[in-house]
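Scope of the values below: all heavy atoms of this structure, side chains included, with no hydrogens, waters or symmetry mates. Here the structure is a predicted model, which means the values were calculated and not measured.
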Amino acid sequence: MKTVFKFVHVVFAITLFLFLQSCEKASDPVKGAYQSGVLVVSEGAFGSANGDITYYNPSLGVIEQNVFKKVNGVFAGDVLQSISVEGDDGYLVLNGSNKIEVVDINTLKRKNTFADLKLNNPRYLKVINGKAYISVWGPFNSNFALVDSYVLVVDTKTLSIAGAIDTNEGVENLLYDGKYLFVSRNGFSGSKALSVIDPATNKIVKEINLSGEPLSMVLDANNKLWAISKGNASKLFRINATTFEVEQTIEIGSNARSYLAVTPDKRSLIYAIGKAVYKISIETTSAPTIPLFTASDVTAFYGMNVDPKTGNIYIGDAKNYSSAGSAFIFKADGSFEKNVDTGIAPNSFVFR
């Protein structure tokens, strides 16, 4: 009798598990072919208007080239600089075409296109409370120097301009910590400060002065902001995102690349000098002397990010910047995993 009872109990437990699994799957419907996987942002050849997206699904081993063109019949445009995701919407920022393509991020079907004279050399975009904040280099003068950079504010529902926030020239990367929008510079701006914007007022509330030009930024497990600078004395800066105090500066060597990433647990940072990729704990006070690995087979190191689920490190190889590039994928421990063909000049990765 006890044996029969145990058997019935096991059958009930298995049935309940399968029922809960089916309920979970039903609550997560398939929204489109590109709902999961990796979107590789491929700039395209400068002036050729062939920027597009490579889709890679690690689980299925699927690789598709030029998926925006596949879905919409045309390339995304000239110099696909970045892609930002908010909910089911994707924003493709075209630096050369001076436009933004709004797509259903799950299908990559075009929903709308935003273009305006104020959208002059756009770089990155972040959606906050229904507003798209876009870093805009603005025009160049006759000496090829930037003269009027700003953060453009656009209503995402109407795609109408809601304002512009003047910044130092060469405005670049954007990071939102839930309260403030932090704005960095490009590598040739000469500015050694981070701008802090309050989205509630669209005003700059602080300029955080640093001893190097801030480039990429990430948030760690303690909600501290980290920024990287390059040059003869490259540095990592740890900044209190509430008080804006620079709490720590770590010298990491010469001519670090502009990419900074964080591991899935947000307790370590990933950066690169040349082709050497380093991992540094957020608790340490000095730079590591031995790299996690060296991407010796990469021809033109042109982008780097970390998969927030697996910890795998993706590196874009632009090769000659005019023909197909590739993505080198390394495991979290630094061991090589595989190489994936991409579009022209892969500069970043969006993990779905």
Side-chain angles (χ1 to χ4, degrees), residues 82 123-124 126 133 135 137 146 149 151 165 167-199 204-274 276-292 301 303-306 308 313 348:
S82 63
R123 304 293 291 174
Y124 295 90
K126 182 64 183 176
Y133 290 77
S135 57
W137 277 2
L146 294 172
S149 298
V151 173
I165 306 167
T167 64
N168 290 329
E169 313 314 339
V171 64
E172 187 79 348
N173 289 292
L174 305 172
L175 185 148
Y176 180 58
D177 74 339
K179 184 174 183 180
Y180 295 109
L181 179 66
F182 294 85
V183 184
S184 72
R185 310 287 185 268
N186 61 40
F188 52 86
S189 67
S191 173
K192 296 182 179 180
L194 278 175
S195 295
V196 184
I197 294 173
D198 184 351
I204 294 178
V205 296
K206 182 70 174 179
E207 292 283 351
I208 304 175
N209 294 315
L210 303 170
S211 56
E213 300 169 21
L215 301 166
S216 296
M217 302 171 289
V218 297
L219 287 174
D220 71 12
N222 301 319
N223 207 40
K224 304 290 186 179
L225 183 146
W226 289 82
I228 191 170
S229 72
K230 63 180 183 179
N232 292 332
S234 301
K235 300 170 184 173
L236 289 172
F237 304 96
R238 190 184 74 207
I239 300 166
N240 188 308
T242 301
T243 66
F244 311 135
E245 175 189 0
V246 180
E247 296 181 333
Q248 188 171 10
T249 300
I250 302 175
E251 294 190 4
I252 56 176
S254 297
N255 298 313
R257 297 191 178 275
S258 59
Y259 323 113
L260 182 63
V262 65
T263 55
D265 63 3
K266 297 187 176 183
R267 304 208 68 84
S268 295
L269 309 177
I270 304 293
Y271 66 91
I273 297 177
V277 176
Y278 293 84
K279 180 179 180 179
I280 181 172
S281 168
I282 64 172
E283 306 297 338
T284 194
T285 58
S286 60
T289 57
I290 300 175
L292 179 64
F301 201 121
M304 184 181 72
N305 208 347
V306 173
I313 301 167
S348 55

Hey, could you give me each pair passing side-chain hydrogen bond (donor to acceptor under 3.5 Å, both in side chains) that has a residue in [range]? Not counting sequence neighbours.
range: residues 244-253; answer: K224-E247, R238-E247, R238-Q248, N240-E247
range: residues 280-290; answer: R267-E283
range: residues 170-184; answer: R123-E172, W137-E172

Intermediate values then yes/no, side-chain contact (heavy atoms from CB on, under 4.5 Å), V262 and V306: CA-CA 7 Å; V262 65; V306 173; over 6 Å; no
Quick one: closest heavy-atom pair of [X] and [Y], and the distance?
X: G170; Y: S189; value: CA-CB, 4.2 Å
X: F237; Y: S211; value: CE2-OG, 3.5 Å
X: K230; Y: L215; value: CG-CD1, 3.6 Å
X: F301; Y: A272; value: CZ-CB, 3.8 Å
X: P291; Y: A276; value: CB-CB, 3.9 Å
X: I282; Y: A221; value: CD1-N, 4.3 Å

Result of checking N168, L225, V183, V246 against L194 for side chain to side chain contact (heavy atoms under 4.5 Å, CB included):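 Running side chain to side chain contact (heavy atoms under 4.5 Å, CB included) over N168, L225, V183, V246 with L194 returns exactly one hit, L225.
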Contacts of type salt bridge (charged side-chain N to carboxylate O under 4.0 Å, His left out), residue R257, not counting sequence neighbours: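 Expected list: none.
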Sequence-distant partners of [X], side-chain hydrogen bond (donor to acceptor under 3.5 Å, both in side chains), two or more places apart:
X: Y124; result: Q81
X: S268; result: none
X: D265; result: T263
X: S135; result: none

Verdict with reasoning, S229 to K235, per side-chain contact (heavy atoms from CB on, under 4.5 Å): CA-CA 5 Å; S229 72; K235 300 170 184 173; 3.7 Å; yes
Under the ring pair (Phe, Tyr, Trp, His ring centres under 6.0 Å) test, residues paired with Y271 that sit two or more places apart: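 Scan of Y271 (ring pair (Phe, Tyr, Trp, His ring centres under 6.0 Å), adjacent residues dropped) gives Y278.
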Pairwise ring pair (Phe, Tyr, Trp, His ring centres under 6.0 Å) hits with a residue in residues 206-230, at least two apart: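 Counting only pairs at least two positions apart or across chains, no ring pair (Phe, Tyr, Trp, His ring centres under 6.0 Å) contact touches residues 206-230.
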Contact list for residues 183-199, test salt bridge (charged side-chain N to carboxylate O under 4.0 Å, His left out), sequence neighbours left out: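 Every salt bridge (charged side-chain N to carboxylate O under 4.0 Å, His left out) pair that includes a residue of residues 183-199, provided the two are not neighbours, is R185-E207.
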Spacing of L236 atom CG and I280 atom CD1 [to the nearest 0.5 Å]: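 Interatomic distance, L236 CG to I280 CD1, rounded to 0.5 Å: 5.5 Å.
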